[in-house]
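Scroll down for the structure; my scribbles are underneath it.
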Amino acid sequence: QGVLRVGMTAADIPLTTGQTDQGGEGMRFMGYTVYDSLIEWDLTSADKPSVLIPGLATEWSVGEDELTWTFALREGVTFHDGSPLTAEVVVWNLDKLLDSEAEQYDPRQSAQGKSRIPAVASYEAVDDLTLTITTTVPDATLPYQLAWILMSSKANWEAMDKDWEKVAMAPSGTGPWKLETFVPRERAELVPNADYWDETRIPKLDKMVLIPLPEPNARAAALLSGQVDWIEAPAPDTIPAMTGNGFVISSNAYPHNWTWHLSRLEGSPWNDIRVRKAANMAIDRESMMPLLGGLMVPAKGFLPPSSQWFGEPTFDPSYDLEAAKALMTEAGYGPDNRLTVKALISPSGSGQMLPLPMNEYVQQSLAEVWIDVEFMVVEWNQMINLWRAGAADEAVDGANSINFTYFIQDPFTGLIRHLDEGLIAPNGTNWGHYIDPEMQALFEEIKTTFDPEAQTAVLQKTHEKYVNDALFLFVTHDVAPRALSPKVEGFVQAQNWYQNFSSISMAD
Amino acid sequence: MALADTTTLPTPEKVEKSKGYWSGVGHRLVRDPLTMFCLAVVAALILSAAFAPYLGLADPYKGSMIARLKPIGAPGYPLGTDEQGRDMLARLIYGGRLTLFIGLMPVVIAFFAGSILGITAGYVGGLTNTIIMRTIDVFFAFPSVLLAIAISGALGAGITNSLVSLTIVFIPPITRVAEAVTSGVRKLDYIDAARATGANAWTVIRVHVIGNVLSPIFVYATSLTSVCMILAAGLSFLGIGVRPPEPEWGLMLNTLRSVIYINPWLSALPGVMIFVTSLCLNLLSDGLRSAMNVRD
Amino acid sequence: MSVTDTYQPTPDTGGPAQPLIRVTGLQKYFPIRGGILGRTQAKVQAVDGVSFEVKKGETLGIVGESGCGKSTTAKLLIGLVEKDKGEIVFDGHALGERLSLKDLRRGVQMVFQDSYATLNPRLTILDSVAFGAKVQGLDNPEELARKMMDRVGLDPDRFAHRYPHELSGGQRQRVNIARALAMSPRLVVLDEAVSALDKSVEAQVLNLLNDLRAEFGLTYVFISHDLNVVRYISDRILVMYLGEVVEVAPVDSIWQEQAHPYTRSLFSAMPSMDPDNRTKEPPLAGDPPNPINPPSGCRFHTRCRFASAVCKEAVPKLSGLARNGDHMVACHLHDAQSGHPKAGQGVPE
Amino acid sequence: MLSYLIRRILLVLPVAFGVSVICFLLVQIAPGDPLTAIMAIDATAEEQAAMRAAYGLDKPLPIQYAIWIGNLVQGDMGKSIATGRPVAAEVFGAVKNSLLLAVSAAVIAFPIGIFLGFLAGYFRDTWIDRAVTALSITGVSVPNYWLGIVLVIIFSVNLSWLPSMGAGPGGSQSWAWDWAHMRHLVLPAVTLAVVPIGIVSRTVRALAGDILSQDFVDALYAKGMSRVDVLRHVARNAAATALSVMGLQLGYLLGGSILIETVFNWPGSGFLLSNAIFQRDLPLLQGTILILALFFVAMNLIVDVVQAAIDPRIQRT
Amino acid sequence: MTKLLEMKNLNVRFKGKRTVHAINDVSLSMEQGETLALLGESGSGKSVTLKTLLGLLPPKRSQIDGSIHVNGVDIMSLRGKALQRYRGGEVSMVFQEPALALDPVYTIGHQIAESVMRHKGVDKANAMSTALDMLDRVRIPSANRRLHNYPHELSGGMRQRVMIALALACRPRLLLADEPTTALDATVQIQILLLLRELQKEFGMGVIFVTHDIGVAVEISERIAVMYAGQIIEEGTTHEIIRDARHPYTQGLLAANLHDVARGDRLSAIPGAPPALEVRPDSCPFAPRCPVAMPDCRADLPPMLAPGDRRRVACLRAAQPIAAE
Ligand code: HEM
Ligand SMILES: Nc1ncnc2c1ncn2[C@@H]1O[C@H](COP(=O)(O)OP(=O)(O)OP(=O)(O)O)[C@@H](O)[C@H]1O
Ligand SMILES: Nc1ncnc2c1ncn2[C@@H]1O[C@H](COP(=O)(O)OP(=O)(O)OP(=O)(O)O)[C@@H](O)[C@H]1O
Ligand SMILES: [Mg+2]
Ligand SMILES: [Mg+2]
């Protein structure tokens, strides 16, 4: 029971029609609350990395051709408006994103969802509860891709005059929460869906209120003055004030990293593995802790150490100044022959943690091993443009690295997209123009290994190569801190971008 | 009586060396302790900002994670350290550079640009006046803060962009005042008297108009400096002004906001600097206004 | 070198018989802007068809009620107000033809009423006086200015570097006169030049003006509302009413007989200076009509005791009196052919 | 009076046109791609191009302006890039909230400013005058965004007397004139009122001083009027100018509340604007500025007309 | 019968950045129904005298000594309600610049009525009809319509009539007129002077008429007092002053009037300018400009001689008439 008021970091209520915007936070609060996808993340445990579990699909398998996937849909699932979930509705939803000719095509949702399912070639409703999806090439990561795609109600859309804008005000999904009221930019109120198909996830609260509070200090003040019960991402320096007043900080490792993505274009100093390793070993990550109020996990690789795909890399990027200097000397650098690199950073940005102080820390650390860093500070939006443009673009102005924070929850987002030679700009986000046949082969293997366990092994191997070759400057992982009023009970923070709010209740 | 009455007249005043207008202004200013105090404060700020590198201050950009958020008076850090362990004293003084620069420069530029536009419009009149002043009217349709934020917001953050947007904001009011003052002066008999000598427009403007309009425009412009400074700091505070890691008071105020729970005094420092400076600028402008007012 | 030597007037071209300045049909309507597009809504008929001439060495006095166009006429003479119509001929040269505005201003100078407003408060007296000479490119303007200051009774050593606000009204008016004379003009237009001064100071300035006229051979156009002063200084008097000339005559002639009813009213409005014989009846009732929409015919007919139908319709012409051709008047009473019931009889007592 | 009104209204048209041009150009001077914010982070080039076409950003400038102004005239200000909602609806909703805040601040500031200004003007050159002057200079010198933060810390966080953000327990759409909602108004309105208190009191002080030094005040005393009567006359004389200053201040409050709205998370136009800026939501930025500027223009118009109506000296034809 | 006005040894000094001894030992008395012209140059203290009479000087910056009785009442001791009754009721004033002395934002009817309401205690409607009556009396055409005009809608002459109507609305015993015609045209000036003269007879009040124009003084007054440097240097009937001025300054003024001066004659101007009153004059203030000054004039203040009844001159030479030059 009770009402949970959440201060989000978004500036606006995420898109309510199905496929959400506002990044991870959108999916967290407006995606997996109001909607479901065919395949979902298991959010019940705080102790282990989340894995995929059946959502609206109960089973799935790939055919002999390694292209055609068959999904069995869950029986008896209804949307909030009462209409049933059928294979046809799923097809309708996929058309909403992929078929620009379709009546229900929504450019806004498409912009958010289409790129998440690059593998999908075609799809078909076999019967009410059976669906097939065909991929262009064999791709074992399809389940991960489908975990992005949320199902909205076709009946509701029709009832709303086939107008997505109207749907936005009164959306209908199959999720555990129903959107009750919605004031753009101000608040959204969610109430439990008592008919939710998974009884264990029927919310205990009477209501959950979402309030956009983009400014961290406004968020802190709102929590401390009792206007909200929960805030996302409290500013580290406000945490003592919160804990001092009895508020609870909840955090957990999750697939997020804070790195420098390195340019591997010809002439880049980062092409020398010794320099890469030395840089990684020059950073005393533990000493960064106080800056972030302890809310970080020092990086040991690209993925968080707790990831199921971490593997057992041989290279340990932990702080070792002597070894780092030795490597630098070997590479031909020294106090009198310093290396200068140029780094793109932004002053702020979602998920960037505290980019300026952290980067300055990195700068100071690298200076110890004779690497002088010259910053090029650009707005977060501009940085996204430069990230898409790739290291070779003129606008990047010769920067050798870009400080980026990545969502690394699945094989594609976590590993493939950063270093796949097919994804060099303008085709994708291999910013550094990295090309390595060995890595390419590993990516291929991931896509063609359909057995989950075998796939995990390949993924581990891939990440080991990430680390052993020191392909990035690994710095930290965020721990998704959130500050909670002591009245909030029953919250289990999963090691995931998304969270389960159904277990929460408010003490009186 | 013959020519007695047309030759030299006895003067009622004592025969003393007559003082120029500006020395009179200076004289009155010097005798106004509050204004002199404010002048001293502003001068100290400007000088310390200008000569910051020679004051033996710590590096305003160099921080240390270990030394972050030292309270005011901590050993080695007279005003403590900021959230990145940078010396606050150094940052505040270096911060004065940028803050005063983007706080005063737009008014300076606008003073020249606005004076040229306004004096031209006011003296020439007619169509020229109509074109200039109607254009200015359009800019007046935007509340100043809004206009600054709109332009800065569209251009994006950065020192140059802030300068551009603030200058654009302050040209219209200065132009309008300049125009009003000039067309007022234009109607005065001494302008007619000067024109009656056969002097061309430029000579009349140079000798008779500028000297008389510049000081009211100047006084008006000084009254805008404090607004400009607060606005400039406000832009940085919003995140569309100066970019980190540059030291700038508005930006420092912003980045130190979250520190308010841990070390409120520290986080108040940039705000105090903005407040004190703008207070002094305001008082200075008031003092200047009354010193320039010959009527008293 | 005396002051007179430094005086560098433009040479006389037409000889003594040629009037120094002659204006014909001078007209100035000031537009009043307003309305949606700032178009001209109405026009103030400030000066309408004024003609007169001033002989060399003569002083012409101009009198009239406030707003009748005296100052506008003065400013037209020196080109400070652009004329709508009419001709200005200075010593035989018509303005705009052989005479440029700058040349005209070399020959004609003006002294304004408000001695304070005509001095730039930011310039020293010396700079103010020397300005015109500098502009006109005369030799040694500062020296000239000092001499001229000395001539008007201001010790240059003491006053040169003062500012206007440090001077008394009479002193400032001397500065204005010095400034006008520093240009070595031949004609000086004095617009209410002594009106703002106290009586005692006024006399000083009038004496000075008389002396200067003699010394430099100046010609004056002297505007004032004080008939006593005008009478004292002028050779001829011109009376204006609502932008028009109603009477021009030698001073003695007009003092004896005011041919126009308006002139008569104006003269009888003078305080009598005789406690036993004080004015009994106001000579003229009400205020002058609005110059935006002046009365038709003779503009004075709305206030004239002798007005008849013809006065409303026909504009009287300015012409010489039968017995004295120098005495010109614009009134139907004096025009035998005008059709006025009492035409040709002159103004009744 | 009617013709004055019509003339004044017609005079507004060219200004409004100029305003629209500036608002349009505002978007053109903006660097970067306005669509970045909403595009999926790893969208392909074609996807980006398609998106651009969908928003009409691929057409030449004059055509974009013509289309924009054409739509504008029909009340269509385009759609927000970030939310897809019609800009007009978003802006009007927000302006309503800003107006609420601005008017509240005015209600606090104007009476105080007038009272203090009168006091200072009447007791010129006394300690009262100096105190008021000090107060008003402080008012205009204090960076109000900073003051807002300080007030939040004191009254919301430490004392828990007043809420720190938002426009009421249920958001702005459920606004009601009860304490539960008005509590939310107190801090932002007070913060916003500080500058106009300073400006209004300075203006009124100068006005009152000016008027009191005019001859007719002596004449009033000379005919036996009491101080109160004289003050009544002074007030009546000051009214037109004071009203116009206050009208403009209201406009400034509306347009200048962005920093305060950001500090207090007040869902007004300033808040909208700052969102628009940070999301590079240019249509929204454009629309917000346009509406605020037009509102300010209208405010000026009203001020002029009211001034003309109450001040007999102003020509009304 | 008590004197209308009895002013004894009035001294007014302004303090501030500059000290000004504006009025120095001025004594003045008037009978009921008399018209006195106060003649003097700019800065001679005429306006200050009038303002003192109404208690209008800024109390902080002025220091006033001496006694003033109006109808036997010591007006220096009046405060509050009594002062308000006195001002406008007992004594009222016409100002030099009617454009500035009328409140621009009230109709003239309202401004007159306001005064009537205060002093006569009548209601607004009655007061308005009194106002209308007064406008008629000062010969304002279509007074009915003018009642609702604002000051700026009237011409200068008209405004001055309104001022007079306002001053006379409550039938004061003493009217103070501070250069009421200086800003007007000669033709309008004479209208106003005649009007004032008529009204004075009709109402039987005393009038103090300030002017710097001797001609005007002659037109309006029975008596003339000449002021110079804050002192009254000569007083007498208008006849006496015009025909037999004793003080060199008065004589100079008369000469400067140019009445009957032949053209081209050199004017016998008074040289120089009046003294700045930063210190209290301790000798004859006119001595520096006086063509007939003697060493004694510069030694001490001249005695006040009384050559006749209510006639006085402050000049050492006044005893022996000086031959005009
Ligand atoms: C806190 C800030 C401000 C204060 C205290 C302030 C105060 C004043 C004052 C006292 C005046 C009257 C000037 C005089 O004495 O003649 C004035 C006039 C004026 N102000 Fe401001 N002002 C402020 C901000 C601004 C800003 C930001 C602008 C323009 C963007 C502006 C534009 C003007 C203009 C155009 C005038 C002249 C008005 C006219 O011609 O009637 N002011 N201001
Ligand atoms: N620049 C101007 N614009 C519009 N009207 C003007 C202008 N100058 C003068 N006038 C009008 O022209 C008429 C004549 O004015 P002018 O100043 O020549 O009169 P004047 O005889 O000099 O009066 P005064 O004795 O008051 O100085 C007046 O009605 C005046 O209002
Ligand atoms: N309020 C005041 N404060 C200081 N000095 C004053 C004040 N009022 C008048 N004076 C001074 O007192 C002297 C007499 O002034 P007053 O106004 O009485 O002269 P006036 O005879 O009326 O002259 P005018 O003919 O110019 O009106 C002047 O020197 C004047 O400067
Ligand atoms: Mg004139
Ligand atoms: Mg006076």
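Convention: sequence-line order gives letters A, B, ...; per-chain numbering from 1.
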Query raised in the report: Which one, L224(A), L213(A), T181(A), L223(A), leads in non-hydrogen pairs under 4.5 Å with chain D?
Result: L213(A)

Report summary line: Whatever's closer than 4.5 Å to a heavy atom in chain D on R185(A) counts as both

Query - Most contacts with chain A, counted as non-hydrogen pairs under 4.5 angstrom, among S156(D), S160(D), P163(D) - result: P163(D)

Report task. In plain terms, say whether E180(A) and K207(A) are close enough for a salt bridge, that is, a side-chain N and a carboxylate O under 4.0 Å apart. Result -> yes

Query raised in the report: For V228(A), is it the side chain, the backbone, both, or neither that has a heavy atom closer than 4.5 Å to a heavy atom of chain D?
Result: side chain

Query - Salt bridge present between R5(A) and D229(A) (N-O < 4.0 angstrom) - result: yes

Query - Point-to-point distance, once rounded to the nearest 0.5 Å, from OG1 of T238(A) to CZ of F247(A) - result: 11.0 Å

Report task. List the atom of W497(A), the atom of G24(A), and the distance in Å for their closest heavy-atom pair. Result -> CE3-CA, 4.0 Å

Query raised in the report: Are H418(A) and Y406(A) close enough, and set up right, to give a ring-ring contact (aromatic ring centres under 6.0 Å, His included), and what steps lead you there?
Result: CA-CA 10 Å; H418(A) 308 298; Y406(A) 289 124; 4.2 Å; yes

Query raised in the report: If you count heavy-atom pairs under 4.5 Å between each of A222(A), P184(A), S100(A), A220(A) and chain D, which one has the most?
Result: P184(A)

Requested in this report: Using non-hydrogen atoms and a 4.5 Å limit, figure out which bit of I211(A) sits close to chain D: side chain, backbone, both or neither.
Outcome: side chain

**Report entry** Region of P212(A) that comes under 4.5 Å of a non-hydrogen atom in chain D
**Finding:** backbone

Query - CZ-CD distance between F271(D) and E261(D), expressed to the nearest 0.5 angstrom - result: 8.5 Å

